[in-house]
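A short write-up of the structure that comes next.
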Amino acid sequence: MTENTNESTGLREQVRARYAQAATAVKTGTRNADLLVEDQCCGSSCCGGAPADRDETERAEASCCESSCCGDTATERSFGAGLYDLADAEGLPIEAIEASLGCGNPTAVAELREGERVLDLGSGGGIDVLLSAKRVGPTGFAYGVDMTDEMLELAEANKAKAELANVEFLKGTIEDVPLPDGAVDVVISNCVINLSVDKPAVLAEMFRVLTPGGRIGVSDVVAEDHLTGEQRAERGSYVGCIAGALSRSEYLDGLTAVGFTDTSVEFTHEAADGMHAAIVRATKPTA
Ligand SMILES: C[S@@+](CC[C@H](N)C(=O)[O-])C[C@H]1O[C@@H](n2cnc3c(N)ncnc32)[C@H](O)[C@@H]1O
């Protein structure tokens with residue numbers, strides 16, 4: 001959490017501007033040229049994976065298959081469309097796949113079931129919301145919340161192309177989610193909580209919007225406990241999903257403080273020295 005309000009507002013504006021630029025680059029087919037590897041939660045753009053002049057199939061294959069194998073650094077290999085199974089992404093708009101800026105595959109982590117209501121915090125171009133909608137089927141529903149207008153426009157366009165009726169994208173912040181208490185069965189998120197300037201508020205909102213017995217399945221960047229805030233910042237930028245990461249203990253303590261049980265943080269792959277993409281799980285008690 002950042003104590004200083006001006007500093008928090010400035011950081012949030014930097015985040016918004018960064019991801020507005022990312023959304024615009026996907027829409028205009030200039031993502032590779034526009035984004036700098038060291039300044040983003042990156043992905044296929046790291047390696048020139050999906051230029052706009054390829055056809056849809058070539059671009060989907062490039063986004064899903066090349067990105068995970070072409071980066072020279074841990075950071076380049078740790079984010080984006082390469083973390084998804086191509087079979088799962090089949091039928092999704094190429095722009096949703098190209099816009100993927102996450103560090104995991106939370107729809108798989110959350111083991112979504114038919115009929116469930118799902119909320120994705122920081123839904124970006126919508127890939128995890130659309131995948132969730134497919135998994136929960138017509139009797140379930142998938143919401144996405146994002147604060148960046150350009151990302152919401154991209155997500156709405158992707159929803160229209162995917163022709164999924166059980167999807168809604170909401171404008172808002174993940175610190176003040178525009179849904180009532182107990183509205184969903186599952187909260188997912190993909191590489192967004194590290195970007196929040198008020199992480200305790202995000203964890204409290206996840207708890208509030210979940211129905212009793214509900215669960216979270218989150219992918220995020222998490223630091224090893226021995227790294228100070230300064231050392232995390234030396235390893236990467238705030239908008240690039242590194243400097244703002246919680247440590248494993250900070251995550252577990254924060255989840256417990258707002259009421260979650262069965263909490264766990266599992267490191268999956270290194271994103272920077274001592275910093276890992278991780279799967280975060282927890283449950284809201286039934287009573
Ligand atoms: C790294 S991108 C990840 C997008 C998406 N989850 C994915 O996997 O592709 C971060 C997204 O979170 C959004 N975001 C960041 N901080 C936010 C906040 N405090 N409230 C709402 N959205 C936020 C940004 O606008 C951006 O779309």
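Nothing fancy with the numbering, it's 1 onward along the sequence.
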Residues that Phe169 engages under ring pair (Phe, Tyr, Trp, His ring centres under 6.0 Å), provided they are two or more places apart: none
Main-chain N/O of Met151 paired to Thr148 side chain as donor or acceptor, under 3.5 Å: no
Presence of salt bridge, Glu175 and Lys199, under 4.0 angstrom: no
side-chain contact (heavy atoms from CB on, under 4.5 Å) assessment of Lys171 paired with Asp149: CA-CA 8 Å; Lys171 180 167 180 173; Asp149 287 329; 2.7 Å; yes
Within one Ile-Leu-Val-Met-Phe-Trp-Tyr cluster: Met206 and Leu112, side-chain cutoff 4.5 Å: no
Note, Leu92 side chain near Lys134 side chain (heavy atom, < 4.5 Å): yes
Salt bridge (Lys or Arg N to Asp or Glu O under 4.0 Å) partners of Lys27, counting only residues at least two apart: Glu153
Glu234 atom CD: more than 12 heavy-atom contacts under 6.0 Å: yes
Min side-chain heavy-atom separation Arg208-Val258 under 4.5 Å: no
Spacing of Ile94 atom CD1 and Ile97 atom CD1 [to the nearest 0.5 Å]: 4.5 Å
NZ/NE/NH1/NH2 to OD/OE distance under 4.0 Å, Arg18 and Glu13: no
Joint hydrophobic cluster, Val265 plus Leu203, side-chain heavy atoms closer than 4.5 Å: yes
Side-chain donor or acceptor of Tyr19 paired with backbone N/O of Val239 under 3.5 Å: yes
CE on Met147 to OG on Ser196, rounded to 0.5 Å: 9.0 Å
Residues Arg281, Asp262: salt bridge by 4.0 Å N-O rule: no
Residues Asn105 and Thr107: side-chain donor-acceptor under 3.5 angstrom: yes
Residue pair Ala110 / Gly217: nearest heavy atoms and the distance that separates them: CB-CA, 4.3 Å
Atom pair CD/CG of Gln14 and Leu195 - distance to nearest 0.5 Å: 11.0 Å
Backbone N/O of Gly214 and side chain of Lys284: donor-acceptor pair under 3.5 Å: no
Closest contact, heavy atoms only, Asp146 versus Leu152: O-CD1, 3.5 Å
Within residues 118-130 or reaching into it, pairs that qualify as side chain to side chain donor-acceptor pair (under 3.5 Å) - sequence neighbours excluded: Tyr84-Asp128, Asp128-Asn190
CG on Leu170 to OG1 on Thr173, rounded to 0.5 Å: 11.5 Å
Gap separating the CG atom of Asn194 from the OG atom of Ser219, nearest 0.5 angstrom: 11.5 Å
Joint hydrophobic cluster, Val184 plus Val218, side-chain heavy atoms closer than 4.5 Å: yes
Any side-chain heavy-atom pair of Ile188 and Leu119 under 4.5 Å: no
Shared hydrophobic cluster for Phe141 and Leu121 (ILVMFWY, side-chain gaps under 4.5 Å): yes
Validation row: Glu7, Val197 side chains within 4.5 angstrom (heavy atoms): no
Derivation and outcome, side-chain contact (heavy atoms from CB on, under 4.5 Å), residues Leu210 and Val187: CA-CA 7 Å; Leu210 275 174; Val187 174; 3.8 Å; yes
Closest contact, heavy atoms only, Ile242 versus Ala271: CD1-CB, 4.3 Å
Side-chain (Arg248) to main-chain (Val222) donor-acceptor, under 3.5 angstrom: no
Flag for Ser247-Asp225: side-chain donor and acceptor within less than 3.5 Å: yes
Any side-chain heavy-atom pair of Ser264 and Val280 under 4.5 Å: no
Non-hydrogen side-chain atoms of Val118 and Val136 separated by less than 4.5 Å: yes
Check: Ala133 main-chain N/O paired with Asn166 side-chain donor or acceptor under 3.5 Å: yes
For Ala142 against Ser132, the heavy-atom pair lying closest together: CB-CB, 4.0 Å
By salt bridge (Lys or Arg N to Asp or Glu O under 4.0 Å) - contacts of Glu230 (at least two apart): none
For Arg215 against Arg113, the heavy-atom pair lying closest together: NH1-NH2, 3.4 Å
Any donor-acceptor N/O pair, Thr263 side chain to Leu252 backbone, under 3.5 Å: no
Side-chain heavy atoms of Leu255 within contact of Ile216, under 4.5 Å: yes
For Tyr251, all residues meeting ring pair (Phe, Tyr, Trp, His ring centres under 6.0 Å), sequence neighbours excluded: none
Check: Val221 and Cys191 side chains under 4.5 Å, non-hydrogen atoms: yes
Any donor-acceptor pair under 3.5 Å from Glu205 side chain to Val177 backbone: yes
Asp185 side chain vs Thr211 backbone, donor-acceptor pair below 3.5 Å: no
ring-ring contact (aromatic ring centres under 6.0 Å, His included) contacts touching residues 174-209 (sequence neighbours left out): Phe207-Phe260
Pair Glu168 + Lys159, salt bridge at N-O below 4.0 Å: no
From CA spacing to verdict: side-chain contact (heavy atoms from CB on, under 4.5 Å), Glu224, Gln231: CA-CA 11 Å; Glu224 292 174 14; Gln231 289 169 328; over 6 Å; no
Val167 reachable from Val186 in the ILVMFWY side-chain graph, under 4.5 Å edges: no
Pair Glu250-Arg232, salt bridge (charged side-chain N to carboxylate O under 4.0 Å, His left out): steps then yes or no: CA-CA 14 Å; Glu250 288 165 350; Arg232 295 172 216 178; 2.9 Å; yes
Row check, Tyr143 ring normal vs Arg117 NZ/CZ: under 6.0 Å, within 45°: no
Shortest non-hydrogen separation from Glu95 to Val26 and the atoms involved: O-CG1, 3.7 Å
